[in-house]
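Sequence lines set the chain letters: A, B, ... in the order given, protein chains first and strands last, and positions in each chain run from 1.
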Amino acid sequence: MAMLSALTFFSSYTFQVNTSMFKTKSTKNHQPKTLPKSSLTDKYTPQSIDVDVSNARKNQLLTRNLVSHVNSGDIESALYLFERMPKSDTFVWNVLIRGLTDNGFFREAVDLYYRMCFSGVRADNFTFPFVIKACGELCDLREGEKVHAKVYKAGLNFDLYVCNALICMYAKLGYIDCAERVFLGMESRDLVSWNSMISAYAIVGDGWSSLLCIKKMQSVGIEHDKFTLISSLKACSLLCSLLIGKEIHGQVIKSTFRLDVVVQTSLIDMYGKCCHVQYAYNLFNRIPERGIITWNAMIGCYALNLRPLESFSCFRNMQKSGVVHPDKITLINLLPSCAQVGALLPGKSIHGFAIRKEFLPHLVLETTLIDMYGKLQELRLAEQVFDQMNVKNMISWNAIIAAYVQNGQSRQALKLFSNLVYKHCKPDASTISSILPAYSDIASLTEGKQIHGYIIQNEFSANNYISNSIIYMYARCGDLLSAQQIFDRMYNKDVISWNTIIMAYGIHGFGKESLELFCRMRENNIEPNASTFVSVLSSCSIAGLDEEGWKHFHLMKREYGIDPQIEHYGSMLDLLGRKGDLDKAKEFIHEMPLAPTARIWGSLLAASRHHRNIELAEVAANHILSLAHDNTGCYIVLSNMYAEVGRWEDVERIKDLMSEQGMAKTIGFSDIEVNYKTIRFVNHDRFHLETDRIYDVLSILLRQIGEELFVSLQKFRPVDLIRTRLNSPKCHSVRLAISYGLISISIGKPIVIKKNIRICRDCHDAAKKISDITNREIVVGDSKIYHHIKDGHCSCKDYW
DNA sequence: GTAGGGTTAG
């Protein structure tokens, strides 16, 4: 309801031109602005100039006028006046530079400072703080450093005000070392110097240093003020430390700032970031006059804590209050809620509203839009926003890369990533975390090793999140040993590291090893979470460890109080399906407390396929078709089942259905890596340089395992025979890859093959027999799991 | 006539 109201609001909003752009009252935190050239030439008739008074008196009057214009935020008039005044006085320049900086005209402020220098007027201790602030707001380090050099030249490097401004500028630019150097080099420090340094640490995300700095300040006998409290609350948010946050809240209550709306908003923000929505709301509720920032903080708190509906209803209440109007930050805070509830329409309406209100271009807003569209599977829209941006930073690049990865466009994401690395700038830890799942997805060991090398070279290896992703990537690329090595070398293994390594062994069919790791995890006093049990239960189901699976399923609730989620039920259903009691499996779905998803019906479909129960497969498929986005796999399974029993009319029907929906059968392939090169085979492939040898090997192998490459199937009519041949698995890509592996990979090493779709039953059987007669280990990674095939047996125990 | 403050994307 709230969301719908929000939608109505955004859609019905009519655009109004803001005519007072250059007549705004002096406010802080402006976006950089640009003055129109006309502002210097516009007609302006100063009313209060008396032509009869002396020059000195006239200048005094003009100056007073200038100051009053600046103070009222009328920069346009101030500029007009300035151009008609003698400019020998530093004071006049200072007033105007301050006016420009305070009103968000940062570039103009810096430009005016240079004009001042060229005019031969000396910048003084009043000039520099504003110019330095403007450099910080422009995020222009080079300009900032140039001005800093001028500060030295002017002998003002010990000036208290100048130094305080420098600390803030360097912090804003992210150069905390430079800020520290200025702070430590100061001859004397006041409360503002300390507050600036405390806030500097908070700005760069170093909560501990910020809190330590407060301690140091107190130890030298300086009392805190409300700015100190605000920064310390930010530090708590960074550290997610509710304990210290509450302590500071206590101090606030005892202080004179307890009713200060800024302090209150900081408290709301802190509680929100520490995941205490109720505390945040209680505070919010008690504030009588809420400004836009307070509303934004509360909306942001809901969005951050994954409460999208409350975030929308908070927005609705803000509208009802009628006092405040949404700004850019309101939209930035509201957009993640659209993604969270899968609400594309409200998301688009907000986008439209932002355009009508001329909020765009805006770096953060655009990046949030990319993020939302990516999560709502609207990759085209995400791309559109990204392409239209005129300023991009690392975060916007990361957002678009993540959008590609989330939407299964791994190759596209990798292309963008290399584009970023080679042409633009150095990726950060977030870029690496975003891109690693794409490497896991393409599962190419050679490329995986390359990105791992890059990560080591650029010192990202210490990041737990990244290390965990590398473990998973190696496991997905089929290199379990490397996955284990990375895991072993990690200093601070967290619960995700353990979950990942358990899953790594799981997808390779080593269920017992997964369970051993689970025991070791508990010995190391790592508390398992819901994801741990996803790893454990799927490991059991992949390896067919029936008893252990059920044991852990019950353990999860009984010992750890974790309610099973759909993924857990899915694994248990796989175990039931494997046993073949399909009625029990159906009953299990029926009794589940959660609504069955496509994943659940997929599990039943797999069981029906395995036990050749077409009727049940049709039931499962119908459910999947009504739920899932991409139904290709489901259609293919059904079609193959019909083909197996010769129901060609049904095969044709499925084919028609698929083409009606614009679906194409995914072209299956098998990749094999030889000498750091990936060789790809498709079914009936004849493009390889060594095609003749490969087919010779295949022919010998097939004869040995009791199949013939070309055989007439008497039981089918001729038309069916052609169909059967076309569907024949004898020249499937995986068999061609195995044949090639046998002649190109040295004896003793396993033949590792990676497929993009699931392996078919015939090829699975053939691979087992080939492994037996050739005495080679064959590892086939399909789209879900790895089959370790040795001496005629597979780790999946013939169920997948 | 000078400095420091609350809400902002991956």
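For Leu191(A), the listed nucleotide lying nearest its side chain is dG4(B); candidates were dT8(B), dG4(B), dG5(B). When the nucleotides dT2(B), dG4(B), dT8(B) are ranked by their closest atom to the side chain of Lys273(A), dT8(B) comes out on top. Of the candidate nucleotides dT8(B), dG1(B), dT7(B), dT8(B) has the atom nearest to the side chain of His362(A). Counting only heavy atoms from C-beta on, Val192(A) has its side chain closest to dG4(B) among dG6(B), dG4(B), dG1(B). Here dA9(B) is the nucleotide among dA9(B), dG4(B), dG1(B) with the atom lying nearest to any side-chain atom of Thr368(A). When each of dG5(B), dG4(B), dT8(B) is scored by its nearest atom to the side-chain atoms of Val262(A), the top-ranked nucleotide is dG5(B). Across dG5(B), dT2(B), dT8(B), the shortest atom-to-atom separation from the side chain of Phe227(A) is found for dG5(B). You'll find that the side chain of Asn94(A) is closest to dG1(B), out of dA3(B), dT8(B), dG1(B). Residue Val261(A) places its side chain closer to dG6(B) than to any other of dT8(B), dA9(B), dG6(B).
Base engagement by Asn195(A) is indicated by at least one non-hydrogen atom pair under 4.0 Å involving a base atom. In this structure, Thr294(A) reaches the bases: a heavy-atom distance under 4.0 Å links it to at least one base atom across the strands shown. Among the atoms of the strands shown, none is found under 4.0 Å from any heavy atom of Asp327(A).
Counting atom types as modelled, Thr265(A) pairs a side-chain N or O with a base atom of dG6(B) as donor and acceptor under 3.5 Å. Judged by distance alone, with hydrogens and angles left aside, Asn71(A) brings no side-chain donor or acceptor close enough to the base of dG1(B) to form a pair under 3.5 Å.
Of the N and O atoms on the side chains of Glu145(A) and Tyr170(A), not one donor lies less than 3.5 Å from an acceptor on the other residue. In this structure, a donor-acceptor pair under 3.5 Å is present between the side chains of Tyr279(A) and Lys246(A). One side chain, Glu180(A) or Tyr201(A), offers a donor N or O that lies under 3.5 Å from an acceptor on the other. A donor atom on one side chain and an acceptor atom on the other are found under 3.5 Å apart for His249(A) and Tyr271(A).
Put simply, Lys133(A) has a side-chain N or O that comes within less than 4.0 Å of OP1 or OP2 on dG4(B). Here Lys375(A) does not reach the OP1 or OP2 of dA9(B): none of its side-chain N or O atoms lies under 4.0 Å away.
What separates CG of Leu160(A) from C1' of dG4(B) is a distance of 11 Å, to the nearest Å. Atom CD1 of Ile203(A) and atom P of dG4(B) are 11 Å apart (whole Å). Distance Asp225(A) CG to dG6(B) P: 13 Å, rounded to the nearest Å.
Aromatic stacking of Tyr161(A) on dT2(B): satisfied, with centres closer than 5.5 Å and planes within an angle under 30 degrees.
Comment: Asp111(A) does not engage Arg115(A) in a salt bridge, judged by the lack of any side-chain N to carboxylate O separation of less than 4.0 angstrom.
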